[in-house]
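These notes are about the structure you will find just below.
The figures here come from the full heavy-atom set of this structure, side chains too, leaving out hydrogens, waters and symmetry mates. Reminder, nothing fancy here: chain letters follow the sequence lines and each chain counts from 1.
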Amino acid sequence: MSRPELQAPPELYYGDTEAKKYTNNTRVQQIQADMTYRALELLSLPEDEPALLLDIGCGSGLSGEILDEEGYNWIGVDVAPSMLEVALEREVEGDLFLQDIGQGFGFRPGSFDGAISISVLQWLLNAETSHPTSSPPHRLTRFFTTLHSALRNPSRAIFQFYPTSDDQIQLITSIAQKAGFGGGVVVDYPNSKKARKVYLCLFVGSGGAQQVPKGLDGEEEVGSEKAKFEARRERSGKKTNKKRKGIKDRDWILKKKDLYRKRGKESVPNDSKYTGRKRRAAF
Amino acid sequence: MVRLITHNLLACHAKGCTTNNFPLQFKDVSIELREAEFNADFLKGLLPRIEWKALVDAARQLGDTSLPLEQPEMVDDEFLKNLHHVLLEMHIEEGAMVCPNCSHVYAISNGIPNMLLSEHEIA
(Lines give C-alpha, C1' and ligand atoms only; values in the text may rest on other atoms or scores of the structure.)
Protein backbone atom coordinates (compact mmCIF):
# COMPACT_ATOMS: atom_id res chain seq x y z
CA MET A 1 0.00 0.00 0.00
CA SER A 2 1.21 3.52 -0.65
CA ARG A 3 2.36 5.73 2.17
CA PRO A 4 -0.36 7.38 4.24
CA GLU A 5 0.90 10.88 3.52
CA LEU A 6 0.29 10.29 -0.18
CA GLN A 7 -3.32 9.23 0.32
CA ALA A 8 -4.89 12.22 2.04
CA PRO A 9 -3.96 15.23 4.18
CA PRO A 10 -3.35 14.26 7.81
CA GLU A 11 -6.53 15.79 9.22
CA LEU A 12 -8.57 13.63 6.85
CA TYR A 13 -6.40 10.52 6.88
CA TYR A 14 -6.52 10.34 10.65
CA GLY A 15 -10.29 10.36 10.89
CA ASP A 16 -12.17 8.74 13.74
CA THR A 17 -11.57 5.14 12.73
CA GLU A 18 -7.96 5.55 11.70
CA ALA A 19 -7.18 7.48 14.89
CA LYS A 20 -8.60 4.69 17.06
CA LYS A 21 -6.89 2.00 15.01
CA TYR A 22 -3.57 3.78 15.18
CA THR A 23 -3.73 4.34 18.91
CA ASN A 24 -4.88 0.85 19.86
CA ASN A 25 -2.33 -0.95 17.73
CA THR A 26 0.23 -2.36 20.15
CA ARG A 27 2.88 -2.56 17.46
CA VAL A 28 2.46 1.13 16.62
CA GLN A 29 2.50 1.92 20.34
CA GLN A 30 5.76 0.03 20.82
CA ILE A 31 7.48 1.65 17.84
CA GLN A 32 6.28 5.13 18.83
CA ALA A 33 7.47 4.59 22.38
CA ASP A 34 10.91 3.43 21.25
CA MET A 35 11.27 6.41 18.94
CA THR A 36 10.14 8.81 21.65
CA TYR A 37 12.74 7.47 24.07
CA ARG A 38 15.39 7.72 21.38
CA ALA A 39 14.32 11.29 20.55
CA LEU A 40 14.55 12.22 24.24
CA GLU A 41 18.01 10.68 24.32
CA LEU A 42 19.05 12.76 21.32
CA LEU A 43 17.50 15.83 22.91
CA SER A 44 19.92 15.29 25.80
CA LEU A 45 18.30 17.70 28.18
CA PRO A 46 20.19 18.42 31.39
CA GLU A 47 19.23 15.80 33.92
CA ASP A 48 17.07 16.53 36.94
CA GLU A 49 15.97 19.84 35.53
CA PRO A 50 12.30 20.15 34.77
CA ALA A 51 11.65 21.26 31.23
CA LEU A 52 8.83 22.50 29.05
CA LEU A 53 8.75 20.63 25.75
CA LEU A 54 6.82 21.05 22.54
CA ASP A 55 5.42 17.87 20.99
CA ILE A 56 4.91 18.61 17.30
CA GLY A 57 2.26 16.36 15.83
CA CYS A 58 1.37 14.87 19.20
CA GLY A 59 -1.51 12.89 17.73
CA SER A 60 -3.31 10.80 20.28
CA GLY A 61 -0.63 11.39 22.88
CA LEU A 62 1.39 8.19 22.48
CA SER A 63 4.59 10.18 22.77
CA GLY A 64 3.03 12.56 25.27
CA GLU A 65 2.37 9.73 27.69
CA ILE A 66 6.07 9.00 27.76
CA LEU A 67 6.84 12.67 28.34
CA ASP A 68 4.40 12.51 31.26
CA GLU A 69 6.13 9.44 32.65
CA GLU A 70 9.52 11.08 32.34
CA GLY A 71 8.21 14.07 34.25
CA TYR A 72 8.28 16.70 31.53
CA ASN A 73 5.71 19.39 31.09
CA TRP A 74 4.66 19.58 27.48
CA ILE A 75 2.39 21.25 25.00
CA GLY A 76 1.22 19.29 22.00
CA VAL A 77 -0.01 20.43 18.60
CA ASP A 78 -1.70 18.35 15.95
CA VAL A 79 -3.81 19.02 12.89
CA ALA A 80 -6.13 16.02 13.17
CA PRO A 81 -9.12 16.69 15.46
CA SER A 82 -9.93 12.98 15.74
CA MET A 83 -6.47 12.24 17.07
CA LEU A 84 -6.77 15.03 19.63
CA GLU A 85 -10.12 13.64 20.71
CA VAL A 86 -8.49 10.29 21.41
CA ALA A 87 -5.77 12.14 23.32
CA LEU A 88 -8.45 13.80 25.44
CA GLU A 89 -10.01 10.42 26.17
CA ARG A 90 -6.62 9.11 27.23
CA GLU A 91 -6.30 12.04 29.63
CA VAL A 92 -2.77 13.10 28.83
CA GLU A 93 -1.27 15.86 30.97
CA GLY A 94 -0.16 18.31 28.31
CA ASP A 95 -2.11 21.12 26.72
CA LEU A 96 -3.35 20.31 23.24
CA PHE A 97 -3.66 22.59 20.23
CA LEU A 98 -5.43 22.09 16.96
CA GLN A 99 -2.85 23.61 14.69
CA ASP A 100 -1.39 23.18 11.25
CA ILE A 101 2.37 23.31 11.76
CA GLY A 102 2.84 24.41 8.16
CA GLN A 103 1.07 27.66 9.06
CA GLY A 104 3.65 28.41 11.73
CA PHE A 105 3.48 28.79 15.49
CA GLY A 106 2.48 31.81 17.48
CA PHE A 107 4.57 31.01 20.55
CA ARG A 108 6.55 33.78 22.15
CA PRO A 109 10.34 33.70 21.65
CA GLY A 110 12.23 31.40 23.96
CA SER A 111 9.18 29.55 25.22
CA PHE A 112 10.40 25.96 25.08
CA ASP A 113 13.38 23.99 26.35
CA GLY A 114 13.16 21.62 23.42
CA ALA A 115 10.89 20.07 20.84
CA ILE A 116 10.28 16.54 19.67
CA SER A 117 8.28 15.30 16.75
CA ILE A 118 7.64 11.64 15.94
CA SER A 119 6.67 10.60 12.40
CA VAL A 120 5.37 14.00 11.32
CA LEU A 121 7.68 15.92 8.98
CA GLN A 122 6.87 13.77 5.95
CA TRP A 123 3.33 15.14 6.10
CA LEU A 124 4.67 18.59 5.23
CA LEU A 125 6.10 17.41 1.94
CA ASN A 126 2.87 17.29 -0.04
CA ALA A 127 0.98 20.26 -1.44
CA GLU A 128 -2.75 19.99 -0.78
CA THR A 129 -3.87 23.00 -2.81
CA SER A 130 -2.29 25.14 -5.50
CA HIS A 131 -2.27 28.20 -3.25
CA PRO A 132 1.29 29.55 -2.88
CA THR A 133 1.17 29.14 0.92
CA SER A 134 0.47 25.46 0.42
CA SER A 135 3.75 24.59 -1.31
CA PRO A 136 6.05 22.38 0.77
CA PRO A 137 9.02 24.80 0.78
CA HIS A 138 6.81 27.64 1.93
CA ARG A 139 5.24 25.56 4.69
CA LEU A 140 8.59 24.18 5.83
CA THR A 141 10.09 27.67 5.91
CA ARG A 142 7.22 29.02 7.96
CA PHE A 143 7.38 26.02 10.28
CA PHE A 144 11.12 26.13 10.92
CA THR A 145 11.40 29.90 11.33
CA THR A 146 8.57 30.13 13.86
CA LEU A 147 9.86 27.04 15.68
CA HIS A 148 13.36 28.45 15.83
CA SER A 149 12.14 31.57 17.56
CA ALA A 150 9.92 29.60 19.96
CA LEU A 151 12.89 27.63 21.28
CA ARG A 152 15.32 28.78 23.91
CA ASN A 153 18.97 29.40 23.24
CA PRO A 154 20.61 26.90 23.53
CA SER A 155 18.23 24.04 22.90
CA ARG A 156 17.50 21.22 20.51
CA ALA A 157 14.67 19.93 18.38
CA ILE A 158 14.53 16.29 17.34
CA PHE A 159 12.35 15.09 14.48
CA GLN A 160 11.90 11.46 13.58
CA PHE A 161 10.47 11.19 10.08
CA TYR A 162 10.14 8.91 7.08
CA PRO A 163 11.71 10.48 3.99
CA THR A 164 11.13 8.77 0.67
CA SER A 165 14.28 10.09 -0.95
CA ASP A 166 17.53 11.89 -0.25
CA ASP A 167 16.11 14.91 -2.07
CA GLN A 168 13.51 15.27 0.66
CA ILE A 169 16.17 15.16 3.38
CA GLN A 170 18.15 17.72 1.41
CA LEU A 171 15.14 20.03 1.09
CA ILE A 172 14.28 19.82 4.78
CA THR A 173 17.81 20.34 6.07
CA SER A 174 18.51 23.26 3.74
CA ILE A 175 15.33 25.05 4.83
CA ALA A 176 16.07 24.35 8.48
CA GLN A 177 19.54 25.82 8.04
CA LYS A 178 18.12 28.94 6.42
CA ALA A 179 15.80 29.30 9.41
CA GLY A 180 18.87 29.47 11.64
CA PHE A 181 19.14 25.93 12.92
CA GLY A 182 22.39 24.02 13.11
CA GLY A 183 22.64 20.27 13.15
CA GLY A 184 22.02 17.42 10.80
CA VAL A 185 20.55 14.02 10.17
CA VAL A 186 21.16 10.98 12.36
CA VAL A 187 20.36 7.57 10.91
CA ASP A 188 19.85 4.65 13.28
CA TYR A 189 20.54 1.14 11.96
CA PRO A 190 21.29 2.36 8.42
CA ASN A 191 21.69 -1.17 7.11
CA SER A 192 18.43 -2.57 8.37
CA LYS A 193 15.33 -2.33 6.29
CA LYS A 194 12.93 -2.51 9.21
CA ALA A 195 14.79 -0.82 12.03
CA ARG A 196 16.24 2.04 9.97
CA LYS A 197 15.08 5.32 11.48
CA VAL A 198 15.94 8.84 10.38
CA TYR A 199 16.22 11.60 12.97
CA LEU A 200 16.73 15.24 12.15
CA CYS A 201 18.64 16.86 15.01
CA LEU A 202 18.43 20.63 14.99
CA PHE A 203 20.27 22.93 17.35
CA VAL A 204 19.47 26.44 18.37
CA GLY A 205 22.40 28.64 19.26
CA SER A 206 25.78 28.03 20.95
CA GLY A 207 27.70 28.74 17.72
CA GLY A 208 28.11 25.26 16.29
CA ALA A 209 29.58 23.96 19.53
CA GLN A 210 26.98 21.22 19.57
CA GLN A 211 27.90 18.04 17.79
CA VAL A 212 25.49 15.94 15.81
CA PRO A 213 25.11 12.74 17.80
CA LYS A 214 26.07 9.42 16.25
CA GLY A 215 23.38 7.11 14.94
CA LEU A 216 23.02 3.67 16.42
CA ASP A 217 24.80 1.10 14.36
CA GLY A 218 25.35 -2.60 14.01
CA GLU A 219 22.87 -5.20 15.12
CA GLU A 220 19.36 -4.19 15.90
CA GLU A 221 18.67 -3.94 19.58
CA VAL A 222 17.33 -7.24 20.83
CA GLY A 223 13.65 -7.05 21.53
CA SER A 224 13.18 -3.38 20.75
CA GLU A 225 12.26 -3.67 17.11
CA LYS A 226 10.39 -6.93 17.34
CA ALA A 227 6.75 -7.80 17.33
CA LYS A 228 5.38 -8.30 20.78
CA PHE A 229 5.25 -12.06 20.85
CA GLU A 230 8.23 -12.73 18.68
CA ALA A 231 10.26 -13.93 21.65
CA ARG A 232 7.66 -16.56 22.42
CA ARG A 233 7.59 -17.67 18.79
CA GLU A 234 11.32 -18.07 18.85
CA ARG A 235 11.28 -20.07 22.03
CA SER A 236 8.81 -22.61 20.69
CA GLY A 237 10.85 -22.82 17.51
CA LYS A 238 13.94 -23.79 19.45
CA LYS A 239 12.11 -26.63 21.14
CA THR A 240 11.16 -28.29 17.86
CA ASN A 241 14.69 -27.91 16.54
CA LYS A 242 16.14 -30.05 19.32
CA LYS A 243 16.30 -33.76 18.57
CA ARG A 244 13.18 -35.13 20.11
CA LYS A 245 13.49 -37.99 22.52
CA GLY A 246 11.32 -40.93 21.53
CA ILE A 247 8.22 -41.46 23.60
CA LYS A 248 8.36 -45.26 23.46
CA ASP A 249 11.63 -45.71 25.29
CA ARG A 250 12.63 -48.59 27.56
CA ASP A 251 10.85 -47.16 30.60
CA TRP A 252 7.63 -46.81 28.68
CA ILE A 253 7.81 -50.39 27.40
CA LEU A 254 8.50 -51.77 30.87
CA LYS A 255 5.58 -49.81 32.26
CA LYS A 256 3.25 -51.11 29.57
CA LYS A 257 4.32 -54.73 30.03
CA ASP A 258 3.85 -54.38 33.75
CA LEU A 259 0.39 -53.04 33.17
CA TYR A 260 -0.56 -55.94 30.86
CA ARG A 261 0.69 -58.51 33.39
CA LYS A 262 -1.35 -56.86 36.10
CA ARG A 263 -4.44 -57.06 33.92
CA GLY A 264 -3.73 -60.77 33.41
CA LYS A 265 -2.92 -60.60 29.74
CA GLU A 266 -1.17 -63.72 28.48
CA SER A 267 1.95 -63.98 26.39
CA VAL A 268 3.56 -60.77 27.62
CA PRO A 269 7.28 -61.17 26.70
CA ASN A 270 9.76 -61.40 29.51
CA ASP A 271 11.93 -58.42 30.38
CA SER A 272 15.58 -58.73 29.48
CA LYS A 273 18.58 -56.60 28.67
CA TYR A 274 17.34 -56.53 25.07
CA THR A 275 14.01 -54.91 25.97
CA GLY A 276 13.55 -51.57 24.23
CA ARG A 277 16.88 -51.80 22.48
CA LYS A 278 17.28 -50.73 18.86
CA ARG A 279 18.01 -53.44 16.33
CA ARG A 280 21.31 -53.06 14.62
CA ALA A 281 21.25 -51.91 11.05
CA ALA A 282 20.38 -54.86 8.85
CA PHE A 283 22.98 -54.24 6.20
CA MET B 1 -7.12 22.29 28.55
CA VAL B 2 -5.66 25.68 27.84
CA ARG B 3 -3.81 26.52 31.00
CA LEU B 4 -2.49 29.97 31.77
CA ILE B 5 1.05 28.73 31.27
CA THR B 6 0.18 28.07 27.64
CA HIS B 7 -1.81 31.24 27.31
CA ASN B 8 1.20 33.17 28.53
CA LEU B 9 3.38 31.74 25.77
CA LEU B 10 0.87 32.26 23.02
CA ALA B 11 0.66 35.15 20.59
CA CYS B 12 -1.36 35.58 17.43
CA HIS B 13 0.33 34.12 14.35
CA ALA B 14 -1.92 35.41 11.58
CA LYS B 15 -0.42 37.14 8.55
CA GLY B 16 0.87 40.64 9.21
CA CYS B 17 -0.08 40.50 12.86
CA THR B 18 3.28 41.12 14.46
CA THR B 19 2.78 43.90 16.97
CA ASN B 20 0.42 44.14 19.91
CA ASN B 21 -0.54 40.52 19.27
CA PHE B 22 -0.02 39.40 22.85
CA PRO B 23 -1.69 38.49 25.14
CA LEU B 24 -4.79 37.05 23.55
CA GLN B 25 -7.94 38.16 25.32
CA PHE B 26 -10.29 35.61 26.81
CA LYS B 27 -13.93 35.76 25.84
CA ASP B 28 -16.91 33.86 27.30
CA VAL B 29 -14.69 31.31 28.96
CA SER B 30 -15.65 28.56 31.35
CA ILE B 31 -12.90 27.17 33.53
CA GLU B 32 -12.34 23.92 35.29
CA LEU B 33 -9.97 23.28 38.17
CA ARG B 34 -7.86 20.15 38.01
CA GLU B 35 -5.14 19.32 40.45
CA ALA B 36 -1.63 18.99 39.12
CA GLU B 37 1.61 17.86 40.65
CA PHE B 38 3.53 20.65 42.36
CA ASN B 39 7.08 21.12 41.14
CA ALA B 40 8.90 24.10 42.64
CA ASP B 41 11.99 23.77 40.42
CA PHE B 42 9.91 23.84 37.28
CA LEU B 43 8.12 26.99 38.39
CA LYS B 44 11.37 28.70 39.31
CA GLY B 45 12.82 27.84 35.91
CA LEU B 46 9.71 29.13 34.24
CA LEU B 47 9.53 32.48 36.06
CA PRO B 48 11.94 34.41 33.83
CA ARG B 49 9.97 33.31 30.78
CA ILE B 50 6.62 34.51 32.12
CA GLU B 51 5.19 37.82 30.99
CA TRP B 52 4.07 38.83 34.46
CA LYS B 53 1.53 41.51 33.68
CA ALA B 54 -0.21 39.35 31.11
CA LEU B 55 -0.40 36.49 33.58
CA VAL B 56 -1.85 38.59 36.39
CA ASP B 57 -4.38 40.22 34.06
CA ALA B 58 -5.49 36.87 32.71
CA ALA B 59 -5.74 35.40 36.20
CA ARG B 60 -7.84 38.35 37.45
CA GLN B 61 -10.07 38.07 34.44
CA LEU B 62 -10.69 34.47 35.38
CA GLY B 63 -11.43 35.49 38.96
CA ASP B 64 -8.21 34.56 40.70
CA THR B 65 -6.59 37.40 42.64
CA SER B 66 -3.97 35.45 44.57
CA LEU B 67 -1.04 36.86 42.58
CA PRO B 68 0.50 40.25 43.36
CA LEU B 69 0.49 42.94 40.66
CA GLU B 70 4.25 43.22 40.70
CA GLN B 71 6.44 40.17 40.40
CA PRO B 72 7.95 39.79 43.89
CA GLU B 73 11.70 39.75 44.38
CA MET B 74 11.54 37.09 47.02
CA VAL B 75 10.08 33.75 46.05
CA ASP B 76 8.49 32.01 49.00
CA ASP B 77 6.46 28.83 49.27
CA GLU B 78 3.09 30.46 49.42
CA PHE B 79 3.79 32.50 46.31
CA LEU B 80 4.89 29.38 44.45
CA LYS B 81 1.75 27.53 45.54
CA ASN B 82 -0.40 30.35 44.19
CA LEU B 83 1.61 30.52 41.00
CA HIS B 84 1.28 26.76 40.59
CA HIS B 85 -2.45 26.99 40.99
CA VAL B 86 -2.82 29.80 38.48
CA LEU B 87 -0.42 28.43 35.90
CA LEU B 88 -1.13 24.74 35.95
CA GLU B 89 -4.45 23.98 37.61
CA MET B 90 -6.88 26.35 35.93
CA HIS B 91 -8.05 24.84 32.67
CA ILE B 92 -10.11 26.79 30.18
CA GLU B 93 -12.62 24.37 28.73
CA GLU B 94 -14.87 26.44 26.47
CA GLY B 95 -14.82 29.95 25.06
CA ALA B 96 -12.48 31.85 22.80
CA MET B 97 -9.27 33.82 22.67
CA VAL B 98 -9.26 37.03 20.66
CA CYS B 99 -6.20 38.76 19.25
CA PRO B 100 -6.07 42.36 20.54
CA ASN B 101 -4.56 43.53 17.25
CA CYS B 102 -6.29 41.77 14.35
CA SER B 103 -9.32 40.44 16.31
CA HIS B 104 -8.83 36.93 15.03
CA VAL B 105 -10.95 34.63 17.19
CA TYR B 106 -9.36 31.38 18.30
CA ALA B 107 -12.26 29.28 19.49
CA ILE B 108 -11.70 26.86 22.35
CA SER B 109 -13.88 23.82 22.35
CA ASN B 110 -13.52 20.85 24.63
CA GLY B 111 -10.36 22.40 25.99
CA ILE B 112 -8.63 22.47 22.61
CA PRO B 113 -8.06 25.83 20.94
CA ASN B 114 -8.47 25.92 17.21
CA MET B 115 -5.33 27.64 15.92
CA LEU B 116 -6.00 26.95 12.24
CA LEU B 117 -5.87 29.93 9.91
CA SER B 118 -7.76 30.35 6.69
CA GLU B 119 -5.81 30.67 3.47
CA HIS B 120 -5.62 34.47 3.33
CA GLU B 121 -4.32 34.68 6.90
CA ILE B 122 -1.29 32.44 6.41
CA ALA B 123 1.96 34.36 6.46
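- A:Ile75 places a side-chain heavy atom less than 4.5 Å from the side chain of B:Leu9.
- Interface residue B:Asn39: only side-chain heavy atoms are found under 4.5 Å from chain A.
- Between chain A and the residues B:Thr6, B:Asn21, B:Asn114, the most heavy-atom pairs under 4.5 angstrom are made by B:Thr6.
- Heavy atoms closer than 4.5 Å to chain B are found in the backbone of A:Ala51, but not in its side chain.
- Side-chain contact between B:Glu37 and A:Glu93 is absent, with no heavy atoms from C-beta onward closer than 4.5 Å.
- Among B:Val2, B:Asp41, B:Leu117, the residue making the largest number of heavy-atom pairs under 4.5 Å with chain A is B:Leu117.
- Once rounded to the nearest 0.5 Å, the distance linking CG of A:Leu88 with CD1 of B:Ile112 reads 4.0 Å.
- For B:Ile50, the part lying near chain A is the backbone, with the side chain staying farther off; criterion is any non-hydrogen pair under 4.5 Å.
- Within the 4.5 Å cutoff, the side chain of A:His131 has no heavy atoms near those of the B:His120 side chain.
- Looking at B:Asn110, the atoms closer than 4.5 Å to chain A (heavy atoms on both sides) sit in the backbone and in the side chain alike.
- Side chains of B:Leu10 and A:Phe97 form a contact here, defined as non-hydrogen atoms less than 4.5 Å apart.
- For the pair A:Asn73 and B:Phe42, the minimum side-chain heavy-atom distance is below 4.5 Å.
- For chain A, the option among B:Glu121, B:Glu51, B:His91, B:Glu119 with the highest count of heavy-atom pairs below 4.5 Å is B:Glu119.
- Between chain B and the residues A:Val77, A:Leu52, A:Thr129, A:Asp100, the largest count of heavy-atom pairs under 4.5 Å involves A:Leu52.
- If you tally non-hydrogen atom pairs under 4.5 Å between each of B:Ala36, B:Pro113, B:Cys17 and chain A, the highest count goes to B:Pro113.
- Side-chain atoms of A:Gln103 do not come within 3.5 Å of backbone N or O of B:Ile122 as any donor-acceptor pair.
- The choice from A:Glu85, A:Gln99, A:His138 that makes the most heavy-atom pairs within less than 4.5 Å of chain B is A:Gln99.
- In terms of heavy-atom pairs under 4.5 angstrom with chain B, the leader among A:Leu98, A:Leu96, A:Val79 is A:Leu98.
- Heavy atoms of A:Leu84 lying under 4.5 Å from chain B belong to its backbone as well as its side chain.
- Distance alone, capped at 3.5 Å, is enough to place a donor-acceptor pair between the A:Arg108 side chain and the B:Asn8 backbone.
- The CZ atom of B:Arg49 sits 9.0 Å away from atom CZ of A:Phe112, with the distance rounded to the nearest 0.5 Å.
- Residue B:Leu43: no heavy atom, backbone or side chain, is found under 4.5 Å from chain A.
- Counting heavy-atom neighbours within 6.0 Å of A:Glu91 CD, excluding the residue itself, gives a total of 12 or less.
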